[in-house]
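The structure under discussion appears below in the form of structure tokens.
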Amino acid sequence: MAVLLDENARVIVQGITGREGSFHTKLMLEYGTKIVAGVTPGKGGQTVHGVPVYDTMEEAVKEHPEANTSIIFVPARFAPDAVYEAVDAGMKLVVVITEHIPVHETLKFVNYAKQKGTVIIGPNCPGIISPGKAKVGIMPGATFKPGPVGIISRSGTLTYEIGYALSKEGIGQSTVIGIGGDPIIGLSFTEAMEYFEKDPETKALVLVGEIGGDMEERAAKMIEEGKFTKPVVAFIAGRTAPPGKRMGHAGAIIMMGTGTYKGKVEALEKAGVKVAKTPFEIPELIKEVI
Amino acid sequence: MAVLLDENARVIVQGITGREGSFHTKLMLEYGTKIVAGVTPGKGGQTVHGVPVYDTMEEAVKEHPEANTSIIFVPARFAPDAVYEAVDAGMKLVVVITEHIPVHETLKFVNYAKQKGTVIIGPNCPGIISPGKAKVGIMPGATFKPGPVGIISRSGTLTYEIGYALSKEGIGQSTVIGIGGDPIIGLSFTEAMEYFEKDPETKALVLVGEIGGDMEERAAKMIEEGKFTKPVVAFIAGRTAPPGKRMGHAGAIIMMGTGTYKGKVEALEKAGVKVAKTPFEIPELIKEVI
Amino acid sequence: MKLFEYEAKHILSQKGVKIPRSVLIAPGDDPLAKMEEAGLKPPVVVKAQVLVAGRGKAGGIKMAKTEEDVKNIVNELFNKPIKGIVPKLLLIEEAIPHETELYAAIVLDRSERKPVILASKYGGMDIEEISREKPESIVRQHVDPFIGLKGYQARLIGKKIGLSGKALASFAKFLTALYEAFTEYDAELAESNPLALVGDEVIPLDARMIVDDNSLYRHPEIAKERLEESGEYTEWEIKARKMGLGFVELDGEIGIIGNGAGLTMTTMDLVYEFGGKPANFLDIGGGASAELVKKAVSFLIEYPKAKKIFINIFGGITRGDEVAKGIVKALEELGDVSKPIVIRLAGTKAEEGKKILEEAGIAAFTDPIEAVKKVIEM
Amino acid sequence: MKLFEYEAKHILSQKGVKIPRSVLIAPGDDPLAKMEEAGLKPPVVVKAQVLVAGRGKAGGIKMAKTEEDVKNIVNELFNKPIKGIVPKLLLIEEAIPHETELYAAIVLDRSERKPVILASKYGGMDIEEISREKPESIVRQHVDPFIGLKGYQARLIGKKIGLSGKALASFAKFLTALYEAFTEYDAELAESNPLALVGDEVIPLDARMIVDDNSLYRHPEIAKERLEESGEYTEWEIKARKMGLGFVELDGEIGIIGNGAGLTMTTMDLVYEFGGKPANFLDIGGGASAELVKKAVSFLIEYPKAKKIFINIFGGITRGDEVAKGIVKALEELGDVSKPIVIRLAGTKAEEGKKILEEAGIAAFTDPIEAVKKVIEM
């Protein structure tokens, strides 16, 4: 088993004919992901790496009714529309890679998807991988190996770093989710944790947080309240970042005195979580708990 | 039993301090309706016919947590806001008496209430009465008597006329619903019929329709498909109204060739419904079926 | 309220829709000078700005190939009633050569409680004709009122009516603008028919909008009643509307007042049923004051088609006493009224009302059948 | 992007909010003449239009009681940097006597994914101070983004901060306008503090708005970067931003480039952990081209605080070969570079990248710990 994504995923790539869409379609196919269709308005009838392209999700789903997952590489101005199209076409999981989407647009489509029962990962995220089963994202597949550890991460590149460090030590992963760095995102730490809690294959969890926001504190609270019962190891990026400065597009920023490194680490440690000082300590800490 | 409204209704009157709100609060109280509170912004602390008035629904519900139903007499410009307030305060049933509400506003609050599981009756309607149990509306209570016949009506005054005719012949009513005459309304014929279908006390149903729209045709289809199984008698107003002319505010208008008297009667008769030529034939037709 | 073609087009143009180049002409204007100012040259289309249905077939739209044509047609249209209405304005538009005419509209779907887009590749005919002749060509798409028309939906509709490439993109952009106009102006209907396909671009050759009367207060820029221009109303209907009465003129001889549209229509139906013919529909609505009732009664007394008057009231929010007071006042003020009046009063405060009528020497019925028989035999 | 006070107030004024009468002064303007044109007389408040936090405490807001005062203060403010920033504009506003100062703001709640209204009866202090000193006074109300702020919610908030009657109505109207401004301008924050209560009316004495950077393309009227005026950025940060680089200046000596905010921050943390000090944060983001990498490397070579450079790349959407090409190009173009550069390359196309670097005679690490140790000991 795995969470949200396994070998039964049948994937549509929205924005498949673009540079990134096409490149990552190839990598996902090579990884073994079952991509059944692509969608780009006006490009219907083409194929990309052997995948048939349609003008609309409606047509794609009509020809490939088994499709249940989509990944979006559409530029920011058109990405919200692509999300609505995916949700309305009945996708159960939609991964939004696109960055720079206006935050009020994200606010709306995230609430819309929730009403319709679709899980959104992202936007501005690397996606999701269940090693050995399927990859719906842009992470380097070879970095991850099948195994018992779940990873939920606010940071893209750092996820690869940590997955790589674990894999090198022979510790594989059940599912790895990069939830995205924007202020408003579809799937939060705690929501993702609910899935991992129910997954018998996952024996431990790595949380990769960042300064800013209060998702790490909420995760700590969930653990403290006994709603997440598996061992957790965490890493928080931005220990040495100065307050009030925005670090990158992602919006890792400490505002109004909340979201500090110290506050997050204290909350997590109080909940019994071991917090690594560098990403490279994580394999050792994981070995201690499983 | 009865549908949507019975002796367990605990009612809040929104716009209680206005002329109509106050007048009908008195009549509803006299009928025996349990009115627990009224709401008018800025008038909190007063009482109207012994009913305590609050500034907000939140306060009213805090003091009267048993409240489950509201009736709205607020002027058209403020009525949509009152509906949201009622829905957000957890009312299960909201009766909107107000007329002249902009149709795009109604469109939104009707969809919103549906999402939240609140039943809206109206707008621009006379309300609902379960004779002998409770009245949440502006119909003359004495016109209706307890008994086995349900009434669903698009027309206010005509409902009283028909209730009166039935009562005079000794045929009482389980629940009478005036669903309102606006183009967009909360509770439709078919939705109301679902409630009556499940109500063991209701032995037969009177549908009071009008020209325009296709609600009567949809009711006929529901009956034909066996989804409503009790005997139905109908009356359709506007047999002699010329097409293309708008008859009153209510929007009884025949447009685009649909919604004609003939079309409605044919659909209903095809479904086995007896259609009365005048409202005064209804008691005889009802006697034939129960 | 119906908007004029030029108003609807102006709204669409503000939403970024390309519309035909045009100029508006009032009586007395020099059409050729105005055209020159607007950079227009024949061939042009001259269109009477009237709100009646079937304007084209009634001769309200003419092609002018020469300047001479323009002068003649302008002169003709300003002097020729279209279904009884003489236009106050003409719209002169560049003639746009095109091969394909599409249909696009947005209306409210009462059952779904959602706006619905209707589109067809067979424009030019009206939607009833399309429904009859090419029903399978009509594409329907509901819109979530909280989200609005999504881009993908607009493209999907365009695709389903056979468009592709740049024409599809242009159509989708048009629909988005039409939807914006529909919501921003609280419309019950927003329509373009025909919507011409010119090369890769759609251009609305005609545009219609009906704004919800209950929303007019939010649109002061368009909120002046254009009763006379509309062609929807007769002289007496216009007079009634200006007085705030919901009145429809009919062809019989029995003047009718009722409270509530349903009861008033039923009163008409009853009169027919027993062999009479209604002269009108007049609904005093819910909760009418004595003042309003007085106005309605006085109006019917003056209205020549009504030889007798039948007032049918079943009180709910309307109170019998108020109705009675209004009737008594009307008769008092008008003095010697020769038209027979039959009153039926039931429901809220009916007894009080009857007492008032009795005191004024007016008899009232409780049973509507008795009342209707009485008025017919009088 | 932060808006200036006068911009935020102008937006609110367009939404129907009553704002203090005011006039904007540029250097060289005659403030008294401008005031007369605007119908303003002392006492007035002169406010430096700068975007730095704590403007008031830093001396950027002065009361002028006489015309003499006005001249002196205008002269002073145009010549005195506020936290390093010299204002380019001053706002002169009528002084509004008031007793009560409220607080009202709208921000995005990340957990609820909804806008949230924050209000308190204790305005004047900033929200952190209110949270510390009067936490129970802060009223919170989430807003459904599809419905918007409902009137009843606005009234409820006003009631909870102690308002009633006309003051409550005025506050509710203000909140509605603030919410409209918040959504229409794609704001991350819209705030008024203090929001004065003057008799029965609320008047924003200050107003702040932060517009989402990703939405600026939808607001061409405000979409010019005001990097220099903002006081948020140092000289090198402004230079970097103009080049499109996500750069933050720090105080150490090791220049850092990473891909992704998380990895770049972690690279800073690692440098600290092993005894070094980062000179900056520079995130090249996801999928950087060779061209962008070249720009970033060249920038750090010029940036004087960086004595050495540490490039830490774990490729995902970023490709190692592109990164390597960018580095090689930067070094080629700049010729003789004396700063030591340490590169760590892993993930997508890392092997290809290393080959390119090797061919150009540059060594690259796979292990970040080795790499960071190396750069510190160099």
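Residue numbers start from 1 in every chain, and the chains themselves are labelled A, B, ... in the order their sequence lines are given, proteins ahead of strands. Only this structure's heavy atoms are used, side chains among them; waters, hydrogens and symmetry mates stay out.
For Thr278(A) and Asp269(D), the side-chain atoms include no donor-acceptor pair closer than 3.5 Å. A donor-acceptor contact closer than 3.5 angstrom links the side chains of His100(A) and Asn214(D).
Using a 4.5 Å cut-off between heavy atoms, Arg132(D) does not touch chain A at all. Neither the backbone nor the side chain of Phe189(A) has a heavy atom closer than 4.5 Å to any heavy atom of chain D. For Asn280(D), no part sits under 4.5 Å from any heavy atom of chain A, backbone or side chain. Contacts of Thr143(A) with chain D are made by side-chain atoms alone, with heavy-atom separations under 4.5 Å and no backbone atom involved. Contacts of Arg77(A) with chain D are made by both backbone and side-chain atoms, with heavy-atom separations under 4.5 Å. Residue Asp126(D) does not touch chain A at all, counting heavy-atom pairs closer than 4.5 Å.
Aromatic ring orientation, Tyr160(A) versus Phe314(D): tilted (interplanar angle from 30° to 60°).
Closest approach of Gly262(D) and Ala237(A) over heavy atoms only: O-CB, 3.7 Å. Summarising the geometry of Ala241(A) relative to Met268(D), their closest heavy-atom pair is CA-CE, 3.8 Å, with the distance given to 0.1 Å.
Cation-pi geometry between Arg239(A) and Tyr272(D) is not met at under 6.0 angstrom from the ring centre and within 45 degrees of the axis.
Atom NZ of Lys305(D) is surrounded by more than 12 heavy atoms from other residues, nucleotides or ligands within 6.0 Å. Shown here is Phe146(D), whose CZ atom has more than 12 heavy atoms of other residues, nucleotides or ligands within 6.0 Å.
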